Structure formats: C-alpha cells, structure tokens
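These notes are about the structure you will find just below.
Remember, it's a predicted structure, so these values are computed and weren't measured experimentally. Letters A, B, ... are given to chains in the order of the sequence lines, protein chains preceding strands, and every chain is numbered from 1.
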Amino acid sequence: MHTMSVAELSKALQEKQISSVELTQLYLDRITQQEELNAFITVNAEDAIAQAQAADTRRSKGDTTLFTGIPIAHKDIFCTKGMLTTCGSKMLANFVSPYDATVIERFNDSGAVTLGKTNMDEFAMGSSNETSYFNPVLNPWDRKAVPGGSSGGSAAAVAARLAPVATGTDTGGSIRQPAAFCGITGIKPSYGRVSRYGMIAFASSLDQGGPMTRSAEDAAMMLNVMCGFDPKDSTSLNEAVPDFTATLADPIDGMRIGLPKEYFGAGLNADVARVVDAVIEELKGLGAKLVEVELPNSTLAVPCYYVLAPAEASSNLSRFDGVRYGYRAQDYGDLADMYMKTRAEGFGTEVKRRIMTGTYALSAGYYDAYYLKAQKLRRLIADDFTRAFESCDAILGPTTPTTAFDLGSKTDDPVAMYLNDIYTIPANLAGLPGMSIPAGLGDDGRPVGVQLVGRYFDEARLLNIGHRFQQVTDWHNQIPLDQA
Amino acid sequence: MEWEPVIGLEVHVQLRTQSKLFSDAATKYGADPNTQACDVDVALPGVLPVMNVEAARMAVKLGLAIDAAINQRSVFARKNYFYPDLPKGYQISQYELPIVEHGHIDIEIDGDTKRIGVTRAHLEEDAGKSLHEDFHGMTGIDLNRSGTPLIEVVSEPDLRSPQEAVAYLKKLHALVRYLDISDGNMQEGSFRCDANISIRPKGQKEFGTRAELKNINSFRFVERGIIHEIERQIDVLESGGTVVQETRLYDSAKDETRSMRGKEEAHDYRYFPDPDLPPMTIEDAVVEEIRQTLPELPDAKKARFISDYGLSAYDAGVLTASRELADYYEQTVAESGADAKLVANWVAVELAAYLNKHAVELADSPVNATMLGGLVKRIADNTISGKIAKEVFEAMWNGEGDADAVIEKQGLQQITDSSAIEAIVDEVLTNNPAQVEQFRGGQQKLMGFFVGQVMKATQGKANPQQVNQILKAKLG
C-alpha cells in the first residue's frame, strides 16, 4: 500500500479498500519505524487522525477531490496553524503559527491529511540538511550519505515512503537536488506559479514552493492543487493554470531537447554523466530530437546567486529579533545586547554566514559592485535561456555533479557545498520551471537525478517528458532496499 | 556678519485610507494597543505585503496638485534598521524611484509670491510606537500604527526664514486637507515635520553644514525650533566653531534643540528594491482620471474669490486657507444674499475670533453657515445694525436660536421710523444745551457724542445712518 501512487491511493479510498484513517495510521507507523532517518521535525499524529476522520466523512458524502484523505508531509518552512513551524531553526523552535500558508490552505481544502512537518536546512540555507537545528536527515538509500537540501526531510520521507507525497521549496535547487540525491521526482515551478504567502522567506525573488513525489504524474496532481494566483502574494502571477495531468501522456515525438554544453564540462562525475547519456538515449527512443544549446553565463550563476540570495536573506531574516515571537536570549543588558545575543544564539553558523555576506553586499560603497552587478548578471543568465529556447523546447542535463556525498564531508567547506547547486541555480535566477527525475544509480549505488528546465509556465511540458520517460523506465519505482 | 538661513522641510503626511499601506488592518486612531495589527503588521514569518491602491491614488492627487511629475513606474525599497517598533527590521519606502517628483508649492510672504520646489514625494509605511511609561523599566510595543500609509514630501532647500518654512508648511497642510488625502491632525501625528537647517554668509553660494531637526509637530514649534537652531548655528560660527552634521531634537518644554545623534552614528540603511513588491505602474489614463476628480485648489479658489466676490487678496487668502472655511464662507454668502465683503468680514473676523477664543473647530461651531447667513441678511436689510448684530451673534453662539428668533425675542429690531428717531433726537438736544452750544461754536467732533446719546436712548437700535442725517439737519 505504501508504494502506491496518489491516483492508486485515491482509488483505493474511493473504493473503500482502505479508509483514510487506516492509511494515515499506516504512514504514521512507518514514520515511527524510520525515526532514525530524522525526516520529520514534528509528527502530527493525533491531529492527522482527526483530519483523516474528517476526510473519510467527506468522502462518504461524495464531496471529494483527488487528495481527500491522502496523507501528505509539509516542509517545515510552510506556516501551519496551531502547529510548530520551525524552519529548521532554534530561532523558531517554539513558534506555533497562528495562520496557514496559502499552500497549506489549498491542501487542507482539498482534504489532504497533514502527517507532519519535515526536516530541512535552517531557513532553507544548505544543500545537505546538515544545517538543521534538529540534526541532519539520513539518506534512506545510504545512511552515511546526506539526503541533500534544503528540502532533505521531504525528499527522504518520500524516498522511504513515509509519506506518499511532500511539499518542498526551492531557492537555488532545494527541491531538485534532494530529489536527485534521494531518487525521487521534484519540480520547482515557474516563479509566481505557487503562492509564497506563509512560506518563510529565504530569498524572496528566488523562492518557489513545489511538489516532491515518486513520479511526474503525482507531481502534476500536486501542482493542480498548489498553483494559482493568490491576492496575498503580489509576486504570484495571474496566469491561467492548466490541468497538469491532461498532457502527461502526450507523445514527445519531435520535441526538441536542448543539451547545454556548459552542463557537461569539468566537475561532472563520470557516473552521473553516464546516467544522463542513458536518459538521452531513452528520450531519443521516444522520438525526441536532441540539440546542442549554449548557456554561456550560467557558469557565473553560483557567484551571482551567492550575492543576491544572501542580500535578500539578510533583510528577510531581520524580523527574527527576539521582540515579538521566537527565541530570545536569556541574559542581556540593553536593547542592542538583546538583539546581538538573541541572533548570535538563535541562528546557526550557515545562516549567520549568509546574513553577514548579504549585509556586506548591500552596504554603502559595495552595493554597486556586488548587488547591482549581480542583478545585471541575473538578467544575462535569463537572456541565455530565452535564446536557448529559440532552438529547443526543454533543456536537459544533470541535476547535480555528483551523487549524494557523505555526511560531514563538506560541512567545513562552504564553497564546495555551494557548488552542488551549480546546475540548479540558473533556473531560479531566470524564474524558470525545473524538474529533477530519478534516472539511475551512481557507482556508489546512490541515486542520480536528471534535470529538465522549461520555458516560463511550461511545467506541463516538463511533466509530459518526465511521465513519458517514467512510462518506459522503472527508476521512479525503485526504493531503498531496506524500505521494500 | 549677516547670515542667511537655508531650510528644507521633510513632511510626513498620514494618508486617510481605510486600511494600511500593505495590509487589511484598519488605520483608525486611538484604538487599544495592538488591536489594529494583523499578521502582516506584526511581521509574522511568511507574511507578504500587498499594495493599497487607494494610497497610490492619493499620492497621485498630491502630485497633480503641486504640478509634479507622476512617475509611471515607481519602486518600493527596503530601508533596513533594527528597532523594536519596526517589526520586519525594515521599513518599506520608496528610494530611487518615488511616485512623485519635481513639483512646487507657491507661498505668500509679505504680499509676494515665492515658489518653493518639491524635490519628491514618496509612499512609505509608518512604524509602530514604543511605550516607555507604565511598564516598570520595560518597553511596551504598540503596532497599531505599524504599516499606516504615509507620503513623505521633501522640499528643495528653497526656504530662507522660519516664516517661509511655516508658510510652506501651512500651504502643504491646506493642500492635503483640500485634497482630502489626510486629516492633517498634528496632535495625532498625521502631519509631522523634520527640518534641515544650515546657515551661510549672505551672498555666499555654497550651503553650510546642515543639522536635521526632528520632532517639530506644530506650526509654532516649527517656527520656534528653526529660530533656535539658526541662533545656535550663528553662535557656533561666530565663536569660531564649526557646525557638525547631526540630527537634533526640538524640546518644546525647554524651548531648545539638542543633539540626538551625529553623522558617525548615522545608519547605513542598505536600501534595495523590495523583492516582495513588483514595481508599481500607473497608466497615464489613470492619472487623467484622477486629475478629473481634483477639487478646486487653494490658489485657484483664492483667485476666484478675488474676482467673483471682489475681496482683497488678504481676505481671499484667509478665507481659502482651509477648504472648510471657504465652503462656509460661500454658503454664508448664498444664504445671506448680502454683500460678499460684509460676509467676508463676519466670517474672517467675528466668527474667527469666537472660534479662536473658545478653541472650537469650524466643524463644531454652534453658529453654522445658515445661521450666520441669516444674521448678515438682517444687517443687509437694515433690520438690525452691525453693532446689534454682534449681540445677536453671541446669543446664537450660546444656543439661543437663529438670528430672527433672537431679534424677535429680545426686541432688537432697528428703529427706522424717522419720526420716532426725530423725537429722540429732539430730547437729546434739549437735555444737552451746553454741548449744542459748543457744536454750533465749531466743535464738530461733538457729533459723535450726540450719536452716542441717541443710540444709548434707543439701546443701540436706532438706524445709525438716519440718526446721523437727522442730527445734521437739526444742528445745521
């Protein structure tokens, strides 16, 4: 049962093969059994059962959606009313949100059952889930490996089938990179597709929520719930939302898929390259045409990102000051001392590093050289994509240069850690949709993800390609041996 | 040495929108602490700002009224600093691209018109309030004001005296009230002023080092504060010192200015465009539509009062100082059907004196325009004299009814019957033979004495013109 897709689970609920209460209990039990993975910060045990009961009642009355009674895990970056919402930080370790994020509201309205809140890098700053105040998440494929980050808890939960689906957020690769490391499907929609209201901000111009699922089909179903204009988010776009499931099975015969040569250069591990090559062959078999494209400025995406994202973060995180909610230092002298101690004690090292970097980049005398220059570069990176999409319909490449690395192996080298997101960051800077699908295993037996990047609002095409690939391959159904 | 002050004003005008600049919370003044602060105002994790379009329309109104450029595209920026009553740790303001730029306000100084440049006017949100009393050494935070829409109007350093500064401020105050974009209530902080002040030797082109004067929240304090700051700077320079760039506070209780923080303590606000808010665009058509809704503004109204009512520039200026007063005046003219100049005198002098003496706002005046119109009508048709009218006005002020009721009740109708007046004149002349003698001997100024005696005998009700005529005839 726990290996079923959303469509299968929904059908089982509708045909009364299982109740939502039973299904929810099944997943809650799995979460308890796999506690060692540390995928969850909060398990919503009691309330989840109550929600499941309500969903069962709702189904019996015929008022159902696809997700009514389906358990779901939410990244702990989404505010959930009456529940702890920690964002992986000591700063918010005691914060119970008085309101629901729009994404949460949409899933609640659809009747989905919240299993709990998943672990994550502190304030989504990290690529390994090791910056979490609530300790690292283990990769279900290999417990010596990181699950990726920042949505590492959601990725591990779906990979270990502790939840059928989960939400994640992606600022520089935080959905796609952990999806790749954990062998699941993850899509970051176009900027503006999914409301950011109630999603704790890291870098406002880059953050985007999205699904983390077994398959492209499940992701399409989640996007149908998540996407849409939200008057509470001025950056959400009033763009028509298609039924993402409608075009999943369309033929991709003749579709032009671009291969950016910059994504296949030095730094890409051979085993990852081999998996990408195999995917290319599969897609050719499905009738796709492969074309070479150029993204010349994408090589500058990492430095560009590490100016802009920390700049925005330094301002976004100012509200965590110990005054109104969250952590406040115990012993302090005057106001300045309260601020300093609260923030010194409440934030972890990586968060402080980025606040310092961002504050510097925005400072008088440095603003032009850093922030403004990075903004110009961002424009150039976006222009590269526009040009590339003149000759192709989607861009394909590796999601990450390597498979999941060992826990602790990069924690002392922030730059090596940052380089993990070299292939994922450009889509955030350009605001484009990006998806990672599981496509094989590396030499170390750890999963490899392949990334597809599409035009603005062209999520449906990425899902279409992903689904067609998953119809002829089995990688998305593979789960870690000890979870079988 | 003769010194010339150079003054520029930054005025924060609170816009009278129903809800806040970026949230749905109400903006009503005086609510219990933190009852008008929603999730967005409190800056909970995850909340986002949504622009209040009404505030932008109000900013456009102001821009049009001061003949400024309305920027089609303006950008909200974050001004970053830590303070407990600033919940986000930044204020959303406009920095590089404000909504309004390059306007001007004309002021009257000693009968001359002077044009004062307005550099820019930008939208921004207000902070909350820190409450230092009643918390036993702790500080309370009230976030009701947090997010309240303000428009900050920044003048060019074109003002050259405290009087000019006050004239500019009063004009701007009148404008925002005319436009109905602010209640302009200075006590409640709806209209707040900071002044940048420097001095230079008269004739020198370069500006001196300026000090910024904060917390001057009445027209009087603006004048006092600026006078003090100018005197202080003159003292510093004339005793061989240098003025340092700093922020100073005007203490109205001690009537002095004192240093708040120096340049070295100035914040680096790290302004950058707010990524939560797309640039605001205002189509030309919208600007045109707003232009159509603009009321008649003070300068135009003043010109019309001079041409249509034949008022002096001074009277027209007084009567158009506020939209309410101008409306009151025009309504009184219409009600009375009397000479507009006579009405002007009653509104600008008599009514104004009562309002001032009793510290009553025009809107709360016990004598409304209809009542005053009724009174002036009775002066015009000779039912009562101007002198008696003052008594009637006082009775109306005290709630004794309208003019006709008071006149009727107190029997104040003017005596216009010539034979009745003649009889009284005869009596007065008979009773004062010595004065009659002296008058006829050439002491013409005794005419006033006779008039006074007649008026006394009639309790002021005799028609003064008739009294004069009859006396002249009888004594001549």
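Looking at heavy atoms from C-beta onward, B:Arg270 lies out of side-chain contact with A:Tyr367 at the 4.5 angstrom threshold. When side chains are defined from C-beta on, B:Arg78 counts as touching A:Asn316, because their heavy atoms get closer than 4.5 Å. Looking at heavy atoms from C-beta onward, A:Arg324 lies in side-chain contact with B:Leu143 at the 4.5 angstrom threshold. The side-chain heavy atoms of A:Phe123 and B:Pro45, taken from C-beta on, include no pair separated by under 4.5 Å. In this structure, the side chains of A:Tyr197 and B:Val40 come closer than 4.5 Å at one or more pairs of heavy atoms.
Relative orientation of the B:Phe82 and A:Tyr339 rings is tilted, given thresholds of 30° and 60° on the angle between their planes.
Residue with the most contacts toward chain A among B:Pro87, B:Pro278, B:Ser23: B:Pro87 (heavy-atom pairs, distance under 4.5 Å). Ranked by heavy-atom pairs shorter than 4.5 Å toward chain B, the options A:Ser315, A:Ala101, A:Ser314, A:Ala201 are led by A:Ser315. When each of A:Ala361, A:Cys87, A:Ser204 is checked for heavy-atom pairs under 4.5 Å with chain B, A:Ser204 comes out on top. Taking B:Pro84, B:Gly89, B:Pro49 one by one and counting their heavy-atom pairs under 4.5 Å with chain A, the maximum is reached by B:Pro84.
In terms of heavy-atom proximity, A:Thr235 sits nearest to B:Asp276 at CG2-O, 3.6 Å. A:Tyr99 approaches B:Gly46 most closely through the heavy-atom pair OH-C, 3.2 Å. Here the closest heavy-atom approach between residue A:Pro231 and residue B:Val50 is recorded as O-CG2, 3.3 Å. Heavy atoms only, all atoms of each residue included: B:Pro275 and A:Tyr191 are closest at O-OH, 4.2 Å.
With rounding to the nearest 0.5 Å, the separation of CG in B:Leu48 from CG in A:Asp230 is 8.5 Å. A distance of 10.0 Å separates CZ in B:Phe76 from OG in A:Ser234, rounded to the nearest 0.5 Å.
Only one option out of B:Val42, B:Val47, B:Leu44 pairs with A:Arg319 in a side-chain contact (heavy atoms from CB on, under 4.5 Å); it is B:Val47.
For A:Lys341, the NZ atom sits in a packed shell: over 12 heavy atoms of surrounding residues, nucleotides or ligands are nearer than 6.0 Å. By the neighbour-count criterion of 12 heavy atoms within 6.0 Å, atom CD of B:Glu288 is densely surrounded, having more than that number from other residues, nucleotides or ligands. The number of heavy atoms from other shown groups lying within 6.0 Å of NZ (A:Lys81) does not exceed 12. Remark: B:Asp251 CG is packed, more than 12 non-hydrogen atoms of other residues, nucleotides or ligands lying under 6.0 Å away. The environment of CZ in B:Arg210 is sparse: at most 12 heavy-atom neighbours from other residues, nucleotides or ligands sit within 6.0 Å.
Proximity to chain B (any heavy atom under 4.5 Å) is shown, for A:Tyr360, by neither the backbone nor the side chain. Contact annotation for A:Leu335: only side-chain heavy atoms (C-beta onward) come within less than 4.5 Å of a heavy atom of chain B. If you measure heavy-atom distances from A:Phe95 to chain B, the contacts under 4.5 Å come from the side chain alone. Looking at A:Ala311, the atoms closer than 4.5 Å to chain B (heavy atoms on both sides) all sit in the backbone: N, CA, C or O. Residue A:Thr359 touches chain B through both its backbone and its side chain, counting heavy-atom pairs closer than 4.5 Å. Of the atoms belonging to B:Tyr271, it is backbone heavy atoms, and not side-chain ones, that fall under 4.5 Å from chain A. For A:Phe78, no part sits under 4.5 Å from any heavy atom of chain B, backbone or side chain. When heavy atoms are compared at a cutoff of 4.5 Å, A:Leu317 does not approach chain B at all.
Side chain of B:Asp268 to backbone of A:Ala364: a donor-acceptor contact under 3.5 angstrom is found.
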